[in-house]
*Asks:* 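First the structure, then my questions, so here it is.
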Amino acid sequence: MEESTKNFIHEAIEGDLAPGGRFAGRAVHTRFPPEPNGYLHIGHAKAICINFTTAEKYGGLCNLRFDDTNPTREDVEYVDAIEEDIRWLGFDWSDRLFFGSDYAQRIYDTAEDFIRKGLAYVDDLSADEMRTMRGTLTEPGTNSPHRDRSVEENLGLFRRMKAGDFEPGEKVLRARIDMASGNLNLRDPAMYRIKKDTHHRTGDDWCIYPMYDFAHPLQDAVEGITHSLCSLEYEDHRPLYDWVVNHADLEDRPRQIEFARLNLTGTVMSKRKLLELVTRGLVDGWDDPRMPTLRGLRRRGYTPASIRTFCDRIGVSKVYSTVDSAFLEHCLREDLNASANRVMAVLRPVKLVVENYPDGAVETFEAENNPERPENGVRTVPFSRELWIEAEDFSEEPPKGYFRMFPGNEVRLKHAYVVRCTGCVRDGAGRVVEVRCTYDPATKGGDTPDGRKVKGTIHWVSAKHAVDAEVRLYDSLFSVPDPDASEDRDYKELLNPDSLEVLPDCKCEPSLAGAEAPAAYQFLRLGYFCVDNRVSRPDRLVFNRSVSLKDGFKGARS
RNA sequence: UGGGAUGUAGCCAAGGGGUAAGGCACGGGACUUUGACUCCCGCACUCGCAGGUUCGAAUCCUGCCGUCCCAGCCA
């Protein structure tokens with residue numbers, strides 16, 4: 001991959017590393033901190049890439065840390081999936097796999113320490129009362145009547161919370177900061193709440209769990225993180241992050257820097273919405289090829305390299321942005337163009353009969369696998385009198401500029417012969433059931449020894465040698481660029497009804513027989529396709545179109 | 001005058017006093033046994049707006065406008 005360009009985070013880091021800087025003489029250390037409550041998507045890929053490549057750029061390390069401080073919404077099911085997806089992307093955290101829950105005791109001890117320093121107190125207010133007393137965006141909040149309990153009383157109450165003497169909601173540990181702050185996060189935020197759910201790692205060891213704002217900075221500090229890179233919505237939390245880090249007796253004081261999260265046109269990125277699409281059966285699971293999840297992209301045929309290149313090239317800034325999906329597709333085409341072998345497959349077959357080719361005869365042609373990569377060698381493709389060609393490669397009354405098969409026109413059958421269309425046969429309903437042509441024996445291999453120009457070249461598959469396959473074509477999941485932006489319509493109403501098209505009767509050249517995932521090919525003139533990693537069988541092939549080829553034809557292509 | 005951010009092309013995004021990089025998309029052309037790839041060319045007289053400072057402003061100053069985030073015992 002090319003050298004990533006410098007962004008504002010790199011500049012901040014370089015300032016920190018410079019002599020006299022905040023982290024002068026230190027090695028950069030970052031972390032990717034997913035909450036194990038959902039599958040990773042392309043937006044996470046951006047964060048993963050930023051964290052891992054930034055550390056790498058400065059010779060540092062990046063940890064993988066599961067931020068699991070809420071037993072009611074997290075599950076091991078996601079832990080394995082997340083690790084697998086990050087590895088698939090190509091990143092390695094070596095032996096630095098951590099869990100926020102591993103620091104439970106340490107964080108608890110810090111909480112007691114905060115109580116002793118008068119920085120935290122136990123409150124009896126209900127969640128509703130707390131909300132009311134928090135004030136509004138424009139009005140200050142009011143102090144809780146329990147705000148000035150003694151250290152001894154607070155310590156006793158907090159220990160009883162830990163011991164299970166209270167029920168969820170009865171008590172909460174709060175930071176004592178400033179109920180009048182313009183920043184709502186500083187109005188005595190909750191630091192610990194009671195939860196009597198079983199945690200996926202610590203079981204029933206604890207019935208109190210720290211809040212993100214208290215736990216995260218401590219986790220970062222404990223791991224020696226220098227730069228805690230997160231998304232923009234945490235900007236308002238930075239004062240709290242710093243408050244925790246500055247009052248805790250820890251060596252390290254990590255620095256939080258925020259960047260804009262990724263949005264992509266034609267899809268949604270929130271965990272809640274993606275989950276809803278899955279649970280409502282609006283898509284075929286988390287790995288539906290139309291999903292922006294890493295599993296979905298993988299099944300669709302996206303390569304790790306294409307995703308990493310994409311993340312590198314979109315840049316990093318603090319501007320709310322929505323990247324055009326066409327750019328992601330471009331990165332995939334670029335990667336696959338260089339690596340995928342070419343092959344011929346007909347998606348919407350119509351019979352082509354070569355009238356002057358002997359019935360029963362078969363000959364084979366040599367076909368290059370990848371013109372971009374001659375070392376990939378050649379394969380053999382059989383030719384016979386009856387072939388399959390793409391229905392749209394024939395037109396009895398061609399639109400302007402059309403140079404494929406139409407009566408009287410010459411076209412080249414890729415790798416085989418130049419043929420001249422002589423007409424077609426229609427059924428009772430007027431549908432073209434057969435196209436007819438004659439071939440020129442002198443053009444064997446597709447050359448024109450007389451130097452004549454043949455503008456069109458089409459792909460084909462010998463009918464008697466064809467391998468059947470199902471091919472699935474995908475389009476944008478949503479029919480509008482930004483489904484989240486619509487205020488009057490629910491995003492589910494904006495789903496693109498044509499996002500999936502199944503073509504059950506496709507004809508492939510015989511070299512595709514037995515293909516297995518994760519094989520990827522360029523179907524000549526059509527696009528890049530991969531063997532579906534879930535439902536395809538060697539004798540019942542199913543291909544997914546990863547991305548189409550760009551189509552330069554400006555005419556009325558049906 | 002609640003707090004915090006942010007406005008450079010249709011979409012990303014460099015540039016931080018010396019006269020607007022790059023990519024995607026789009027349009028045109030060359031090449032072509034893939035209407036692909038590749039290669040050329042075009043695509044912001046102007047950087048949200050208005051003033052000001054300066055020989056010179058996207059960059060500095062002032063004011064205004066737009067957009068996003070925050071009132072979970074979620075992360």
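In what follows, chains are A, B, ... by sequence order, proteins preceding strands, each numbered from 1. Computed from a predicted model, the values in this text were never measured in an experiment.
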*Asks:* Touch check for A:Pro481, heavy atoms < 4.0 angstrom, all strands: base, sugar-phosphate only, or nothing?
*Replies:*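 Answer is nothing: A:Pro481 stays at 4.0 Å or more from every strand.
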*Asks:* Please enumerate all residues that pass side chain to side chain donor-acceptor pair (under 3.5 Å) together with A:Lys271, with sequence neighbours excluded.
*Replies:*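 Once residues adjacent in sequence are excluded, the partners of A:Lys271 under the side chain to side chain donor-acceptor pair (under 3.5 Å) criterion are A:Asn37.
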*Asks:* Rounded to whole Å, please give me the gap between NE2 in A:His10 and P in B:A13.
*Replies:* 14 Å
*Asks:* Would you please name every residue forming a side chain to side chain donor-acceptor pair (under 3.5 Å) with A:Asn51, sequence neighbours left out?
*Replies:* none
*Asks:* So, is B:G16 syn or anti if syn means the angle is within 90° of 0?
*Replies:* syn
*Asks:* Using the C1' atom on both, measure B:A71 against B:G15 and round to a whole Å.
*Replies:* 39 Å
*Asks:* On a whole-Å scale, what distance lies between the P atoms belonging to B:A13 and B:A30?
*Replies:*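 Per the computed distance, 36 Å lies between those P atoms.
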*Asks:* Taking syn as any angle within 90 degrees of 0 and anti as the rest, which one fits B:C45?
*Replies:*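 Syn, angle within 90° of zero.
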*Asks:* Kindly write out the residues that satisfy salt bridge (charged side-chain N to carboxylate O under 4.0 Å, His left out) with A:Glu235, not counting sequence neighbours, or none if the list is empty.
*Replies:*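 With neighbours one apart ignored, the set is A:Lys318.
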*Asks:* Scan for salt bridge (Lys or Arg N to Asp or Glu O under 4.0 Å) pairs involving residues 130-141 of chain A, sequence neighbours excluded, and state none if there are none.
*Replies:* A:Asp128-A:Arg131
*Asks:* Under the ring pair (Phe, Tyr, Trp, His ring centres under 6.0 Å) definition, can you give me all pairs with a residue in residues 317-348 of chain A, not counting sequence neighbours?
*Replies:*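 Output for this query lists A:Phe310-A:Phe327.
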*Asks:* B:U34 C1' sits how many Å from A:Glu390 CD, rounded?
*Replies:*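 After rounding, the gap between these two atoms is 13 Å.
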*Asks:* Among B:U32, B:G35, B:C12, find the nucleotide with the atom closest to the side chain of A:Ser321.
*Replies:* B:C12
*Asks:* How far does the C1' atom of B:G66 sit from the matching atom of B:U53, given to the nearest Å?
*Replies:*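 26 Å, rounded to whole Å.
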*Asks:* Is any side-chain N or O of A:Gln522 under 3.5 Å from a base N or O of B:U34, one able to act as donor and the other as acceptor?
*Replies:*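 Checked by distance alone, the answer is yes.
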*Asks:* Salt bridge check, A:Arg73 against A:Glu35: does any charged N sit closer than 4.0 Å to a carboxylate O?
*Replies:* yes
*Asks:* Once pairs are restricted to Watson-Crick or G-U wobble with both distances under 3.5 Å, how does RNA chain B read as a dot-bracket string, [ ] for crossings and | for other-strand pairs?
*Replies:* .(((((((.[[[..)..(...]]].(((((.......))))).....[[[[[..)....]]]]])))))).....
*Asks:* Base, sugar-phosphate, or nothing for A:Arg187, non-hydrogen atoms under 4.0 angstrom?
*Replies:*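 No contact at all - A:Arg187 keeps every heavy atom at 4.0 Å or more from the nucleic acid.
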*Asks:* Kindly confirm or rule out a cation-pi arrangement of A:Lys455 over A:Phe403, judged by NZ or CZ under 6.0 Å from the six-membered ring centre and within 45° of its axis?
*Replies:* yes
*Asks:* Using the salt bridge (charged side-chain N to carboxylate O under 4.0 Å, His left out) criterion, which residues pair with A:Glu77? Sequence neighbours excluded.
*Replies:*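 Listed in chain order: nothing, the list is empty.
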*Asks:* Rounded to the nearest angstrom, tell me the gap between atom CZ in A:Arg525 and atom C1' in B:G35.
*Replies:*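 About 8 Å, once rounded to whole Å.
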*Asks:* To the nearest Å, how far apart are A:Ile9 CD1 and B:A14 C1'?
*Replies:*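 Atom-to-atom, A:Ile9 to B:A14, this comes out as 16 Å.
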*Asks:* Distance to the ring centre below 6.0 angstrom and angle to the axis at most 45 degrees; does that hold for A:Arg379 and A:Phe365?
*Replies:*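 Negative - A:Arg379 is either too far from the ring of A:Phe365 or too far off its axis.
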*Asks:* Please work out if A:Glu167 contacts a base, only the sugar-phosphate, or nothing of the nucleic acid, heavy-atom cut-off 4.0 Å.
*Replies:* nothing
*Asks:* Among all residues two or more places apart in sequence or in another chain, which pass the side-chain contact (heavy atoms from CB on, under 4.5 Å) test with A:Arg373?
*Replies:*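 A:Arg373 satisfies side-chain contact (heavy atoms from CB on, under 4.5 Å) with A:Ser339, A:Asn370, A:Glu375, A:Asn376 only.
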*Asks:* Using a heavy-atom cut-off of under 4.0 Å over every strand shown, decide if A:Gly401 touches base, sugar-phosphate, or nothing.
*Replies:*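 A:Gly401: base contact, heavy atoms under 4.0 Å.
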*Asks:* If you measure from the C1' atom in B:U19 to the same atom in B:U62, how many Å do you get, rounded?
*Replies:* 24 Å
*Asks:* If I take atom CZ in residue A:Arg412 and atom P in nucleotide B:A36, what distance separates them, rounded to the nearest angstrom?
*Replies:*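 Between P of B:A36 and CZ of A:Arg412: 15 Å.
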*Asks:* Which residues pass the side chain to side chain donor-acceptor pair (under 3.5 Å) test with A:Ser181, sequence neighbours left out?
*Replies:* none
*Asks:* Name the residue closer to the 5' end of RNA chain B, choosing between A:Leu549 and A:Asn7 according to the nucleotide with the nearest heavy atom.
*Replies:*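 Comparing both residues, the 5'-ward one is A:Asn7.
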*Asks:* Going by the glycosidic torsion and a 90 degree boundary from 0, is the base of B:G72 oriented syn or anti?
*Replies:*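 Syn, angle within 90° of zero.
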*Asks:* Between the protein and nucleotides 21-27 of chain B, which nitrogen or oxygen pairs come in under 3.5 angstrom?
*Replies:*
none

*Asks:* Check residues 438-450 of chain A and write down every donor-acceptor pair under 3.5 Å in which the side-chain atom is one partner and the other belongs to a residue at least two apart or another chain.
*Replies:*
unit_1	atom_1	unit_2	atom_2	d
A:Asp440	OD1	A:Ala442	N	2.9
A:Asp440	OD2	A:Arg452	NH2	2.5
A:Thr443	OG1	A:Val418	N	2.8
A:Thr443	OG1	A:Asp440	O	2.6
A:Lys444	NZ	A:Glu363	OE1	2.7
A:Thr448	OG1	A:Arg452	O	3.0
A:Asp450	OD1	A:Arg452	N	3.1
A:Asp450	OD1	A:Arg452	NE	3.4
A:Asp450	OD2	A:Arg452	NE	3.0

*Asks:* Taking the six-membered ring where the residue is Trp, are the ring centres of A:Phe529 and A:Phe523 under 6.0 Å apart?
*Replies:*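 Under 6.0 Å, so yes.
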*Asks:* Provide the distance between the two C1' atoms, one in B:G7 and one in B:C11, to the nearest whole Å.
*Replies:* 15 Å
*Asks:* Considering only B:C12, B:U34, B:U32, which nucleotide approaches the side chain of A:Lys455 most closely?
*Replies:*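 Output: B:U32.
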*Asks:* If we take the P atom in both B:C37 and B:A25, what is their distance in whole Å?
*Replies:* 9 Å
*Asks:* Counting only side-chain nitrogens and oxygens, does A:Ser317 get under 4.0 Å of the OP1 or OP2 atom of B:A13?
*Replies:* yes
*Asks:* Sugar-phosphate atoms are those with a prime plus P, OP1 and OP2; base atoms are the rest. Using that split, label each nucleotide of nucleotides 65-75 of chain B B, S or - for protein heavy atoms under 4.0 Å, 5' to 3'.
*Replies:* ----BBBSBBB
*Asks:* Heavy atoms only, 4.0 Å cut-off, all strands: where does A:Val316 land among base, sugar-phosphate and nothing?
*Replies:*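 Sugar-phosphate contact only - A:Val316 comes under 4.0 Å of backbone atoms but never of a base.
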*Asks:* What's the gap between B:A50 and B:C39 when it is taken at their P atoms, as a whole Å value?
*Replies:*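 B:A50 and B:C39 have their P atoms separated by 40 Å.
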